[in-house]
Chemist: 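Please see the structure below; I have some questions.
A note on names: the letters A, B, ... follow the listed sequences, proteins ahead of strands, and every chain is numbered from 1.
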Amino acid sequence: MLTEFTPLPALAGGMLIGLSAVLLMAFHGRIAGMTGILAGALRPIAGDWGWRAAFLVGAIIAPVLVLAVSGQAVSFTNIVPVPLLIVGGIVVGIGVSFGGGCTSGHGVCGIARLSSRSIVATATFMLAAFATVYVARHVLGAF
Amino acid sequence: MGRVVMAGLIGIVFGMGIAISGMINPAKVLNFFDIAGNWDPSLAFVMAGALAVTAIGYRFVLARPRPILDTRFHLPTRRTIDVPLIAGSALFGIGWGITGFCPGGAIPALGLGESSAWIFVAAMAVGMALARLARSVLDPRTPKTA
């Protein structure tokens with residue numbers, strides 16, 4: 001299915017993501033990586049759980065707030081069948097655990113710090129995603 | 001308490017950025033990766049905006065002696081480019097390409113009440129638990145994921 005090219009909301013939203021990364025470092029001294037925050041929240045350590053849970057809850061209620069403030073529904077379309085969502089989800093969970101981060105942690109916070117691990121990780125997962133979508137759509141003809 | 005409230009507010013900023021940018025929409029993410037098809041370059045602008053703000057902001061923040069609500073900055077210390085980093089990142093990219101969901105996009109999508117997001121996040125949590133199990137079997141001294 002087609003999606004519309006939306007450079008300005010993309011840029012503005014990206015800057016908000018960056019702002020949250022800067023604020024989390026400024027106030028909590030933490031990398032705003034969803035993988036690390038989620039992994040820590042799923043494996044609670046006393047005194048280290050509250051801020052993680054609060055960040056996650058904030059992130060989850062945010063789309064509702066966007067709707068309330070703008071009056072416009074947030075665009076969301078899933079085109080992937082459930083079995084592939086489950087397989088893909090498990091693969092993502094294993095991958096980000098061993099890779100030590102995802103788009104937010106490596107791709108934004110890590111590259112912003114010029115971390116060589118994050119630059120290599122980001123190049124790797126971006127290339128893998130381009131290749132996977134190419135194979136899925138243009139070789140196998142899936143979704 | 002202040003730490004928890006502030007983290008919640010920062011989480012809201014993060015989630016609003018994900019929602020407004022379009023990163024929350026798996027169809028849009030998949031079209032970003034589909035250069036040979038219905039290419040939608042929007043997500044390059046998301047990354048550019050996020051990186052510009054973070055790179056500049058970090059310069060000022062990390063020049064300070066410590067964060068406002070903590071005693072030190074918790075920064076990753078590992079420097080090695082190793083097999084887990086590359087193999088894990090490649091797996092993540094494959095899963096991202098199969099589904100259009102990444103962790104930072106999928107968590108805010110839970111708030112939309114979309115069943116696909118809940119299914120993805122549940123599967124991802126299973127994957128994270130499997131990885132932890134595998135790590136503890138392979139090497140009991142492995143440090144936890146940063």
Chemist: How close do B/A90 and A/A128 get, heavy atom to heavy atom, and via which atoms?
Modeler: O-CB, 3.5 Å
Chemist: Given heavy-atom pairs under 4.5 angstrom as the criterion, report whether the side chain, backbone, both or neither of A/S116 touches chain B.
Modeler: both
Chemist: Which bit of B/M47 is near chain A, if near means a heavy-atom gap under 4.5 Å: side chain, backbone, both or neither?
Modeler: side chain
Chemist: Using a cut-off of under 4.5 Å for heavy-atom pairs, which of A/L67, A/L24, A/I79 has the most such pairs with chain B?
Modeler: A/L24
Chemist: Taking the six-membered ring for Trp, is the centroid-to-centroid distance between B/F32 and A/F130 below 6.0 Å?
Modeler: yes
Chemist: For a quick test of reading the model, state the closest non-hydrogen atom pair linking B/I12 to A/A62 and the distance between them.
Modeler: O-CB, 3.4 Å
Chemist: Give the minimum heavy-atom separation between A/A32 and B/F14, together with the two atoms involved.
Modeler: O-CE1, 4.3 Å
Chemist: Please evaluate residues A/F55 and B/I10 with respect to the criterion side chain to side chain contact (heavy atoms under 4.5 Å, CB included), reporting the C-alpha separation (whole Å), side-chain torsions for both, the decisive distance (0.1 Å), and the verdict.
Modeler: CA-CA 7 Å; A/F55 182 93; B/I10 297 170; 4.0 Å; yes
Chemist: What I'd like to find out is whether the side chain of A/H106 reaches to under 4.5 Å of the side chain of B/L85, using heavy atoms alone.
Modeler: yes
Chemist: For the pair B/M6 and A/L23, evaluate side chain to side chain contact (heavy atoms under 4.5 Å, CB included) and give the outcome as yes or no after the intermediate values.
Modeler: CA-CA 9 Å; B/M6 185 54 72; A/L23 290 175; over 6 Å; no
Chemist: Using side-chain heavy atoms (C-beta onward) and a distance below 4.5 Å, is A/V80 in contact with B/P26?
Modeler: no
Chemist: Would you find a donor on one side and an acceptor on the other, under 3.5 Å apart, between the side chain of A/R117 and the backbone of B/T80?
Modeler: yes
Chemist: Has B/R135 got a side-chain atom pairing as donor or acceptor with A/S97's backbone, closer than 3.5 angstrom?
Modeler: yes
Chemist: Do B/Y58 and A/C109 come within less than 4.5 Å of each other through their side chains, counting heavy atoms only?
Modeler: yes
Chemist: Counting only heavy atoms not in A/F5 (residues, nucleotides, ligands), do more than 12 fall under 6.0 Å from its CZ?
Modeler: yes
Chemist: Name the region of B/R59, side chain, backbone, both or neither, that has any atom closer than 4.5 Å to a heavy atom of chain A.
Modeler: neither
Chemist: Out of A/A53, A/G107, A/A142, which one racks up the most heavy-atom pairs below 4.5 Å with chain B?
Modeler: A/G107
Chemist: If you round to the nearest 0.5 Å, how far is OG of B/S42 from CG of A/L8?
Modeler: 10.0 Å
Chemist: Are the side chains of A/I90 and B/M124 in touch, meaning some heavy atoms are under 4.5 Å apart?
Modeler: no
Chemist: Can you confirm whether more than 12 heavy atoms, excluding those of A/M15, are under 6.0 Å from its CE atom?
Modeler: no
Chemist: Roughly how far, to the nearest 0.5 Å, is OG1 of A/T132 from CG of B/L30?
Modeler: 10.5 Å
Chemist: Could you check whether B/N31 and A/R137, counting side-chain N and O atoms only, form a donor-acceptor pair closer than 3.5 Å?
Modeler: yes
Chemist: Sort A/H138 into side chain, backbone, both or neither according to what part of it lies under 4.5 angstrom from a heavy atom of chain B.
Modeler: side chain
Chemist: Are the side chains of A/I111 and B/L51 in contact, using a 4.5 Å heavy-atom criterion?
Modeler: yes
Chemist: Taking side chain as everything from C-beta outward and backbone as N, CA, C, O, which of these in A/E4 sits under 4.5 Å from a heavy atom of chain B? Side chain, backbone, both or neither.
Modeler: backbone
Chemist: What is the distance from atom CD1 of B/I20 to atom OG of A/S70, rounded to the nearest 0.5 Å?
Modeler: 7.5 Å
Chemist: Does any heavy atom of chain A fall under 4.5 Å from the side chain of B/I56, the backbone, both, or neither of them?
Modeler: neither
Chemist: Under 3.5 Å, is there a donor-acceptor pair linking the side chains of B/N25 and A/S75?
Modeler: no
Chemist: Which one, A/P63, A/A10, A/G105, leads in non-hydrogen pairs under 4.5 Å with chain B?
Modeler: A/A10
Chemist: So how far is it from B/L9 CG to A/F27 CZ, rounded to the nearest 0.5 Å?
Modeler: 9.5 Å
Chemist: Which atom pair, heavy atoms only, marks the closest approach of B/G88 to A/F98?
Modeler: CA-CB, 4.0 Å
Chemist: What distance separates B/S21 OG from A/I17 CD1, expressed to the nearest 0.5 Å?
Modeler: 4.0 Å
Chemist: Going by atom types only, do B/K28 and A/T77 share a side-chain donor-acceptor pair under 3.5 Å?
Modeler: no
Chemist: Flag the pair A/F76 / B/S116 as yes when at least one side-chain heavy-atom distance between them is below 4.5 Å, and no otherwise.
Modeler: yes
Chemist: What closest approach, in Å, do B/I107 and A/A59 show between heavy atoms, and which atom pair accounts for it?
Modeler: CG2-CB, 4.4 Å
Chemist: Give the minimum heavy-atom separation between B/L91 and A/V91, together with the two atoms involved.
Modeler: O-CG1, 3.1 Å
Chemist: Decide yes or no for A/R113 and B/P76: does some side-chain heavy atom of the first lie under 4.5 Å from some side-chain heavy atom of the second?
Modeler: yes
Chemist: Can you tell which of A/P81, A/S104, A/C102 has the highest number of heavy-atom pairs within less than 4.5 Å of chain B?
Modeler: A/C102
Chemist: Out of B/I98, B/D70, B/I119, which one racks up the most heavy-atom pairs below 4.5 Å with chain A?
Modeler: B/I98
Chemist: For A/I86, is it the side chain, the backbone, both, or neither that has a heavy atom closer than 4.5 Å to a heavy atom of chain B?
Modeler: both
Chemist: At a heavy-atom distance under 4.5 Å, which candidate from B/G105, B/P108, B/A109 has the highest pair count against chain A?
Modeler: B/P108
Chemist: Taking side chain as everything from C-beta outward and backbone as N, CA, C, O, which of these in A/A121 sits under 4.5 Å from a heavy atom of chain B? Side chain, backbone, both or neither.
Modeler: both
Chemist: Can you say whether A/V57 sits under 4.5 Å from chain B via the side chain, the backbone, both, or neither, judging by heavy atoms?
Modeler: neither
Chemist: Find the distance between CE (A/M25) and CZ (B/F73) and round it off to the nearest 0.5 Å.
Modeler: 7.0 Å
Chemist: Looking at B/L75, B/V83, B/V126, which makes the most heavy-atom pairs under 4.5 Å with chain A?
Modeler: B/L75
Chemist: Determine, step by step, whether B/V61 and A/V22 satisfy the side chain to side chain contact (heavy atoms under 4.5 Å, CB included) criterion, reporting the C-alpha distance in whole Å, the side-chain angles of both residues, the deciding distance to 0.1 Å, and the verdict.
Modeler: CA-CA 7 Å; B/V61 166; A/V22 173; 3.8 Å; yes
Chemist: Going through the checks in order, is the side chain to side chain contact (heavy atoms under 4.5 Å, CB included) test met by B/M128 and A/L38?
Modeler: CA-CA 10 Å; B/M128 291 171 96; A/L38 185 61; 4.0 Å; yes
Chemist: Tell me which of these, B/G95, B/C102, B/A125, B/G104, has more heavy-atom pairs under 4.5 Å with chain A than the rest.
Modeler: B/G95
Chemist: Counting heavy-atom pairs closer than 4.5 Å to chain A, which one of B/D40, B/N38, B/I18 comes out on top?
Modeler: B/D40
Chemist: Is there a side-chain contact between A/I31 and B/H74, using heavy atoms and a 4.5 Å cut-off?
Modeler: no
